[in-house]
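Heads up: the structure comes next, in C-alpha cells.
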2 protein chains.
Amino acid sequence: MGADDERRVTITAIAQEAGVSVPTVSRVLNGRSDVAPGTRERVEELLRHHGYRRRGSRGVRRADLLDLVFNDLDSPWAVEIIRGVEDVGHAAGVGTVVSAIHSHSTSTRQWLQNLQARASDGVIVVTSHLIPPVHAQLRRLNVPVVVVDPAGVPATDVPSIGATNWAGGLAATEHLLGLGHRRIGFVAGPPHLLCSRARLDGYRAALEAAGAPLDERLVQAGDFYHASGFAVGSALLDLDDPPTAIFAASDQMAFGVYEAVRQRGLRVADDVSVVGFDDLPEARWASPPLTTVRQPLVEMGRLAARTVLRLGQGEEIEAPRVELATELVVRDSSAARPR
Amino acid sequence: MGADDERRVTITAIAQEAGVSVPTVSRVLNGRSDVAPGTRERVEELLRHHGYRRRGSRGVRRADLLDLVFNDLDSPWAVEIIRGVEDVGHAAGVGTVVSAIHSHSTSTRQWLQNLQARASDGVIVVTSHLIPPVHAQLRRLNVPVVVVDPAGVPATDVPSIGATNWAGGLAATEHLLGLGHRRIGFVAGPPHLLCSRARLDGYRAALEAAGAPLDERLVQAGDFYHASGFAVGSALLDLDDPPTAIFAASDQMAFGVYEAVRQRGLRVADDVSVVGFDDLPEARWASPPLTTVRQPLVEMGRLAARTVLRLGQGEEIEAPRVELATELVVRDSSAARPR
DNA sequence: CTGAAAGCGCTTACAG
DNA sequence: CTGAAAGCGCTTACAG
C-alpha cells in the first residue's frame, strides 16, 4: 500500500465504463435503494473488478486499514494473531483495527457500521461463524475477507487460513502411544468448531492405526479454557480405569489437567503424561514444561494479513484454503508409561 | 462520536477567522515548511481551539479511530489493555488501531505517518517513552494523547493513567512480613521504568516500617519476562543466606522464580514464599496459585479510551494523572516462614 | 430510476 | 511566504 496504489480508479472512470452518470455510481456505492437492479449489478461488478475504494479530493490519501475481528479477546491466543497481523500491516502502512464482537448481534451490527464508516481495506475474521447476512454486506462493500482458524467448513469463496489440526492431533497421540501409553484421555475442544473436530479425529486415527482400543468414555469436551481442563481432567482421572496419559486440545486445558493431576496426589509425567495444543509462551515455563503441539499463530496472522492485502489489490489468491503445519514440541510433561 | 460532531469546523472557517487564505491553512495542516512562523502559530492555535479534523466532501463521514500503541505485543499484559480500550471504543463507534513500535525509530516514523494518514482521533501510548519530537508532531496534528502506565514521570500536560504501584509493592511486602518473613528477596523490573521504581520503593518502605533489615543483595532487577525471573530467583536462592520469600515485580518473573525454587528441590510456599505482580489470568492456574498484586489492566484501558475520547471532543479532564488501585490477591504461593 | 447542475472540502500548481 | 485560480472526487438536491 505505498505509492503503488495512487492510480486507483475513481467513480468517474467507473461511470464511464458502465455507461452511467457519476451520481448513479455514487448511489450504488452508498447502498441507496433507488437504483435499477440491472444497473446496480453492472456497476457493482465493475467496482469489484477494479477494486474501487473511496478517495478524498486530490491527493488526500485514504486511511489504509485492516480489520481484525475476534469473538472475544480473552485468550492469550489472540495476542499472537494480532502480532502477526500488525507486523505485516505496519510494514505496509496499514493500520490494524482490532475488534471483539462477542457473537452478539447488536455488537456485530455496530461493528459493521463502524467498518463501513472507516472504509476498511480488508477483514480478517478469527474463529467465527460470520453469519451470511454479514458476509453479504461485506461483499456489497467490496471488502475482501479472510478467515483464520475457520469455525466451520468455510465457504469455498472465502479464503481461510488454519493449522494442520488433524496432523497435530495425530502427532500428539502417536507420541504418547510411542511412550507406551494405551489408555489416553482426550480433553476435546467445543464440538462445533472445525479445529476441535480435526484434533479429535487425529487422536482417533492414531489410536486406530496403532490398534489401540478406542474408549469413548476417555473423550470429553471442554471449552479450551483452564477450568474445563480441570473439570474434564478430574473426571477422567476419577474413572475406574483412569488413563495414564491425557491429551488436551488446548494448552490452557492442559494446565487445568495439571491441577487435576496434582489434586489427586499424582505427578505430571511420572504418573500421568499430559500433552497440550497451541504452544503458548507459558507452555515453556510451566512446571513441568509442557509437551504440546505448536500452532504457528503469528505466522497465521502474517499470512492472513498478506492475503487480505493482496486480495484488496485485486490479486488472485492461489489457494483459497491454507493450513500451516503444526509441530509437536516435546518437553517434560510426557514420559514413558509407568508400569 | 455520533451524529453530534457533524457541525465541525472546516478549513474555510478557520481561514476566515485567522484572516488568511484557505490554501495557507491547508499548508499548516500538512506540515508544509513554507509558512511564516507567526501565521503557523495563529492557525495552529485556531485548529486546536476548534478541534479541527479533516473531512471529506459533503457528507463523507470520516473514520472514527483511536490508536493504541505498545512497544511490543509480546506480553499477556497487552491483551488486557486492548480489551478495555476496544470495549469503550466499540461502543462509541470508534475503531481501535493497535500498533507495536518496538522502540525503533524507523518503525515509529512509519507509525506516525500512518497515524496521520488515517487521521486518528486520539492516541493511547502504553509504557513508553514517546520521544519529544513525536509528541511535538502529535500536538501539531492536534491529536489528544493519553499515556497508560507511564514509563517515566510524565509531562504534566499529558494525561496519564497508571496503577498504584507503590501501594502494591508495599502491600505485597507487608503481607510477607506479616507471615513472619524477614529476608525477602525482590526481583525488580527494569530500573528505567517508573512502575518498577515505585514497586521497589513500596517494598523498601514496608521493610523500613517493619524495622526489617534492608539487604541490597536481596534486590536484583529483571526485565519482567520469565527467563529473568528464573535467573534472578536462582541468584537469590544461591546466596549464602538466601531469602525465605521472594517478591517478583511481575507474574511472569514470579513463575520464573517458581522454576528456580523447584530446580533446587525446594517447594513454593512450604520452603519459599513467592508473590507476583499483575494478576494475569494464569496466576490463578499456576501451581500453586500465585499470590499477587492485581493491576486493573482492563479498567486502565477503559479509562484511557474514555479520557482520550473526551479530550478529542474538547472536554477538559479533571485530573491529568490518575492511578487506579492495585489489590493484593492472596492465594497459595505465600505461607508462614518455615522455622 | 437517472442525469445535469451545483456545490463541498480540500489540495496543487502558479505567480508574485 | 502567501493568495487567486483551477481542479479533484465525491454527494446532494432537483427535475423529469
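Only a predicted model underlies this, so the values are computations on that prediction, with no experimental measurement involved. Letters go in sequence order (proteins before strands), and every chain restarts at 1.
Here the side chain of B:E86 pairs a donor or acceptor atom with the backbone of A:A100 at under 3.5 angstrom.
A salt bridge links A:R302 with A:E299: at least one charged nitrogen is closer than 4.0 Å to a carboxylate oxygen. Classification of B:R83 and B:E80 as a salt-bridged pair holds, one side-chain N sitting under 4.0 Å from a carboxylate O.
Distance check, rounded to the nearest 0.5 Å: CD1 of B:I14 to CG of B:L47 gives 5.0 Å.
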What does the list of N/O pairs under 3.5 Å between the protein and nucleotides 1-4 of chain C look like, with a distance for each?
{"unit_1": "C:dT2", "atom_1": "OP1", "unit_2": "A:T39", "atom_2": "OG1", "d": "2.5"}
{"unit_1": "C:dT2", "atom_1": "OP2", "unit_2": "A:A36", "atom_2": "N", "d": "2.9"}
{"unit_1": "C:dT2", "atom_1": "OP2", "unit_2": "A:T39", "atom_2": "OG1", "d": "3.2"}
{"unit_1": "C:dG3", "atom_1": "OP2", "unit_2": "A:S21", "atom_2": "N", "d": "2.9"}
{"unit_1": "C:dG3", "atom_1": "OP2", "unit_2": "A:S21", "atom_2": "OG", "d": "3.0"}
{"unit_1": "C:dG3", "atom_1": "OP2", "unit_2": "A:T24", "atom_2": "OG1", "d": "2.7"}
{"unit_1": "C:dG3", "atom_1": "N7", "unit_2": "A:R27", "atom_2": "NH2", "d": "2.8"}
{"unit_1": "C:dG3", "atom_1": "O6", "unit_2": "A:R27", "atom_2": "NH1", "d": "3.3"}

Note to self: I'd like to know whether B:H90 forms a side-chain hydrogen bond (donor to acceptor under 3.5 Å, both in side chains) with A:S107, so could you lay out the CA-CA distance, the side-chain angles of the two residues, the decisive distance to 0.1 Å, and finally the verdict.
What the structure shows: CA-CA 8 Å; B:H90 193 118; A:S107 183; 3.1 Å; yes

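Base pairing analysis places D:dC1 opposite C:dG16; the two distances defining the Watson-Crick or G-U wobble pair are each below 3.5 Å.
Between D:dC10 and A:S26, no contact under 4.0 Å exists linking OP1 or OP2 to a side-chain N or O.
When the P atom of C:dT11 is taken as reference, atom CD1 of B:I14 falls 13 Å away, rounded to whole Å.
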